[in-house]
Protein chains: 2
Amino acid sequence: MYTIKEVAKLMDVSEHTLRFWAKSGLFPNIKRNENNIRQFSEHDLGWVKIVKCLRSVGTDNKSIKRYVDLCLIGDSTIPERYGIIKATRIKALQQMEELKKQLELLDYKENYYEELIKNNQLDKFNPVNELQTSAV
Amino acid sequence: MYTIKEVAKLMDVSEHTLRFWAKSGLFPNIKRNENNIRQFSEHDLGWVKIVKCLRSVGTDNKSIKRYVDLCLIGDSTIPERYGIIKATRIKALQQMEELKKQLELLDYKENYYEELIKNNQLDKFNPVNELQTSAV
DNA sequence: ACTTGACTGAGAGTAGCTCTCAAGGGGTAA
DNA sequence: TTACCCCTTGAGAGCTACTCTCAGTCAAGT
């Protein structure tokens, strides 16, 4: 059993966010102890993990709640749940592609600046060092 | 020269967002025609591209504005700009790793559901098909 | 002249946190 | 016992970055 603080540390999600997710119904039935303190079980950590996963690819909280609710209904909802996961996976793959593209741009810019800096340092030994390039 | 609508289509960013970015000072000096209509040049598209790139890895608008302002100041800011790009690239690489991890979970779930569905379909020919698994 | 369509800025609304706050419980120390 | 400290709680304010609606302007087409 874990307190919210421990879960926050373990799963790298803030306590605030965990409470927010809990209040939004994204975790089914988190137990409380006699002092009304949330007690996360290993099983609950699994929920945190999947919620975190869905959020990280941009699924909105309403859709996550839908998924969670489907899970609670039972096996009859397996086809719909399967569809959600499949669609989410495709979305994640697209994000991967997009990220790769952006990384290429960042690589290019990084090299560009490196060249610029290298040349500028040579200029320190060069009396003619007033040319302004001003590229982005 | 492009209208805001054309840029929106070309760069896959909504017109609203482009106006919002423009108002936030993320594009320096977009020209207007005699009817006060924004006219994006090829050069401006470059700005849209870099802003989109920085946003897509989670850089906040204030930091993007900082970067843009540095670019306008001139060559003296190259080291700081280089630092920003380098840090952003590292952030993007971390996001890539995170996304890979999440993809593994989604792969696992997808396979899991596939198995479940396959078994359930076999059960249609099996009179004993009432076992409830209810796993997430 | 009238309609259509693109653009404008102002400003309201939204999602998803993020943070602050006051209140309250439990544990140790003097 | 009282004081102190840390953790937790819910309520609710505040924030970012859109996202959308609206009323209005302008130019071109019929």
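Numbered from 1 within each chain, the chains take letters A, B, ... in sequence-line order.
Annotation for B/R66: atom CZ does not count as buried by contact number, only 12 or fewer foreign heavy atoms lying within 6.0 Å. Environment of CG in B/N33: crowded, with over 12 heavy atoms of neighbouring residues, nucleotides or ligands closer than 6.0 Å. Heavy-atom contacts from other residues, nucleotides or ligands closer than 6.0 Å to NZ of B/K91 number more than 12.
When side chains are defined from C-beta on, A/F27 does not count as touching A/V68, because their heavy atoms never get closer than 4.5 Å. Side-chain contact between B/R38 and B/R19 is present, with heavy atoms from C-beta onward closer than 4.5 Å.
Look at A/W21 and you'll find a side-chain N or O under 4.0 angstrom from OP1 or OP2 of C/dC17. For A/T17, no side-chain nitrogen or oxygen approaches OP1 or OP2 of C/dG16 to under 4.0 Å. Note on B/R32: a side-chain N or O is less than 4.0 Å away from OP1 or OP2 of C/dG9. Considering only side-chain N and O atoms, A/R38 lies under 4.0 angstrom from the phosphate OP1 or OP2 of D/dT9.
One atom, CZ of A/F40, and another, P of D/dC7, lie 17 Å apart when rounded to the nearest Å. Atom CD1 in A/I4 sits roughly 16 Å away from atom C1' in D/dC6 (whole-Å rounding). Atom NZ of B/K23 is separated from atom P of D/dC18 by 13 Å (rounded to the nearest Å). Nucleotide D/dT9 holds its C1' atom 11 Å from the CG atom of A/N33, rounded to whole Å. Regarding A/E34, its CD atom lies at a distance of 14 Å from the P atom of D/dT8, rounded to whole Å. The nearest whole Å value for the distance from the CG atom in A/L18 to the P atom in C/dC19 is 14 Å. In this entry the distance linking NZ of A/K5 with C1' of D/dC5 reads 12 Å, nearest Å. Distance, A/N36 CG to C/dA23 P: 18 Å, rounded to whole Å.
A/D69 meets the side chain to side chain donor-acceptor pair (under 3.5 Å) test with A/K65; sequence neighbours excluded.
If you check every strand for non-hydrogen atoms under 4.0 Å, B/T3 touches sugar and phosphate atoms only.
A/L116 and B/L70 end up in the same hydrophobic cluster when Ile, Leu, Val, Met, Phe, Trp and Tyr side chains are linked at under 4.5 Å.
Summary for the helix from C/dA1-D/dT30 to C/dA30-D/dT1: the axes at its two ends, each from 5 pairs, differ by 10° when rounded to the nearest 10 degrees.
Side chain of B/F20, nearest nucleotide from D/dC18, D/dT8, C/dG9: D/dC18. You'll find that the side chain of A/H16 is closest to C/dT18, out of D/dC20, C/dT18, C/dA6.
Heavy-atom nearest nucleotides on DNA chain C were determined for A/S14 and for A/N35, and the one closer to the 5' end corresponds to A/S14.
Nearest approach of A/M11 to A/L45, heavy atoms of both residues: CE-O, 3.8 Å.
Remark: the B/Y2 side chain and the B/Q39 side chain contain no N/O donor-acceptor pair separated by less than 3.5 Å.
Formation of a donor-acceptor pair under 3.5 Å by the B/D44 side chain with backbone atoms of B/W47 is not found in this model.
For the segment residues 51-63 of chain B, the set of residues with a heavy atom within less than 4.0 Å of an atom of DNA chain D comprises B/R55, B/D60, B/N61, in numerical order.
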